[in-house]
2 protein chains.
Amino acid sequence: MNRKATAQSVVLSALREDIVSGVLGPGDQLVQETLAERYGVSRVPLREALKMLESEGQVINHPNRGYFVAELSVDDLREVYYLRSLLEDAALRQAIPTLDDADIEDIAALCDEIDDAALAEDVVLMAAANRRFHFAIYDAAGMPRLSRLLRQLWDATDAFRALYYQRSPNRERVSAEHAQMMVALRARDSDAVVQLHDDHRAHSVAAVEDMLMRHHNRVTENDSTFRTPARSSLQENP
Amino acid sequence: MNRKATAQSVVLSALREDIVSGVLGPGDQLVQETLAERYGVSRVPLREALKMLESEGQVINHPNRGYFVAELSVDDLREVYYLRSLLEDAALRQAIPTLDDADIEDIAALCDEIDDAALAEDVVLMAAANRRFHFAIYDAAGMPRLSRLLRQLWDATDAFRALYYQRSPNRERVSAEHAQMMVALRARDSDAVVQLHDDHRAHSVAAVEDMLMRHHNRVTENDSTFRTPARSSLQENP
DNA sequence: TTCGTAATTATTGGATACAATCCTGCGGTG
DNA sequence: CACCGCAGGATTGTATCCAATAATTACGAA
């Protein structure tokens, strides 16, 4: 008997879902009344969910003006991937020696799930499976805070990952690279896994960067009417 | 003319302050009504501030039971410092080559502030100055997300840093180590700075670990009456 | 027109009121 | 005496209402 989840957490999941799936695109304003109605709750739990997304950097709040889905600059993107490389390498090297055969097979199963989703061309499912696959390895490092930081970094680019998976060449490359990683993983060859993983990430960042450009062009060409007031006042301390 | 800050942000700062200064100790329950009254606001903005602290890991929420100041296990502590070592080394190596003479003198000034606070035996001020000093360097790396992650990691142990500075030998060692770092920094010797910084951190983790033990003893000896319900049900997914 | 300025409206921020949940302690029962 | 079950009170979660702020429009003078 599952005890009832709070509205905040339901809304939080829903918001995350809508951001990764692109329903809420980067730069969009999040009007509280509208969203509250859509999710069938009042504004209070919605705002609490937004606060969590804000402190994760998924969403930006301009006091008295509202919440906006965070935009990613190219610099931001590169920074995120750089930080990921630092932390993911550490996670892999910590995790791999601890994996037993059963663990590896579990991971392999997750890998298959990705391929299935890729074949079915279900982008959202593929993104989710991909995440489970990678985090199954990271989490095995047994460092919960590390996992948490990595989740934040992944979240930051989720909005674009959905677009990324929409192109079939990307999907195919991802599957191939995962297969290679599984080979190295079965051999417990940490160096090889880290190397492949770095390459995998490098391909990813290149593709997402491309997506980012397209997005920026899109928003500046079409509706130049009304946009998020450029990320300027990030700090304002005494 | 500063435009009026929102209640949430005021409360957020106040909560942070009360956590670092030890007014709210690890494991304490945060009763909403009580805190709201103390800060002179209603529960709504208070809860929003708590949500932010929650997603930073400063505070833990048990649905329908309340918010508690996060406890740190020794494993947590070690993990935090390990992650700091990864990220801070990267920040330093990125930052140091970019610093010009004026930057260095600014940092030196911050270093002096710490010493002043140490002499005055003002623990809270010292902790604050120490933070400014270190983050002046990290921030110079020009990677806002990196700075943000580091802030989170520092926050996680803030509750104990206050205790740490209360012992005068700790204060003196900190000052001495900072002086050494400044010498290496003036010489633009990145390797030396990183090395000294690592040592500095190692001393700190040892001392904070000691504080942590004392804290755990204190809470288990004295009031074993009513404590945070041991971090157990962290996940409970369908 | 164009600029500045005042009313209007939409949206957010905060406070209060109500509902749901959980802890506590009491009394009954085996 | 241990063990349930069940009020009663305390605390959290949510909805509704009101106040404050900012965007927008309308208007008038240079």
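Keep in mind that this is a model prediction, so the values were computed, not measured. Order of the sequence lines sets the chain letters (A, B, ...), proteins ahead of strands, with each chain counted from 1.
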Which part of the nucleic acid, if any, lies within reach of B:Gln8 when heavy atoms closer than 4.0 Å are counted: base, sugar-phosphate only, or nothing?
sugar-phosphate
Record whether the side chain of B:Arg47 comes under 3.5 Å of the base of C:dG14 through a donor-acceptor pair of N or O atoms.
no
In whole angstroms, the gap separating P of D:dT11 from CG of B:Leu46 amounts to 14 Å
Side chain of B:Gln29 only, heavy atoms from C-beta on: which candidate in D:dT14, C:dG14, D:dT11 is closest?
D:dT11
Are there more than 12 heavy atoms of other residues, nucleotides or ligands under 6.0 Å from atom CD of A:Glu33?
no
Within residues 31-44 of chain A, find the residues that approach DNA chain C with a heavy atom at under 4.0 Å, and present them sorted by residue number.
A:Val31, A:Gln32, A:Arg43
Are there more than 12 heavy atoms of other residues, nucleotides or ligands under 6.0 Å from atom CZ of A:Arg167?
no
Can a salt bridge be assigned to the pair B:Arg145 and A:Asp75 using a cut-off of 4.0 Å between side-chain N and carboxylate O?
no
Can you check whether A:Leu86 reaches B:Leu86 side chain to side chain, under 4.5 Å on heavy atoms?
no
For C:dC23, does either OP1 or OP2 sit under 4.0 Å from a side-chain N or O belonging to B:Arg65?
yes
Taking the basic N atoms (NZ, or NE/NH1/NH2) and the acidic carboxylate oxygens, is any pair closer than 4.0 Å for B:Arg171 and B:Asp122?
no
Does B:Arg16 come within less than 4.0 Å of B:Glu56, counting only side-chain N to carboxylate O?
yes
Rounded off to whole Å, could you give me the CG-to-C1' distance for the A:Asn64 and D:dA20 pair?
7 Å
When rounded to whole Å, the NE2 to C1' distance for the pair B:His62 and C:dC23 reads 15 Å
Winner on side-chain proximity to B:Tyr67, out of C:dG13, D:dG13, C:dC22, is D:dG13
Within the 4.0 Å heavy-atom criterion, would you say B:Leu30 contacts the bases, only the backbone, or no part of the nucleic acid?
sugar-phosphate
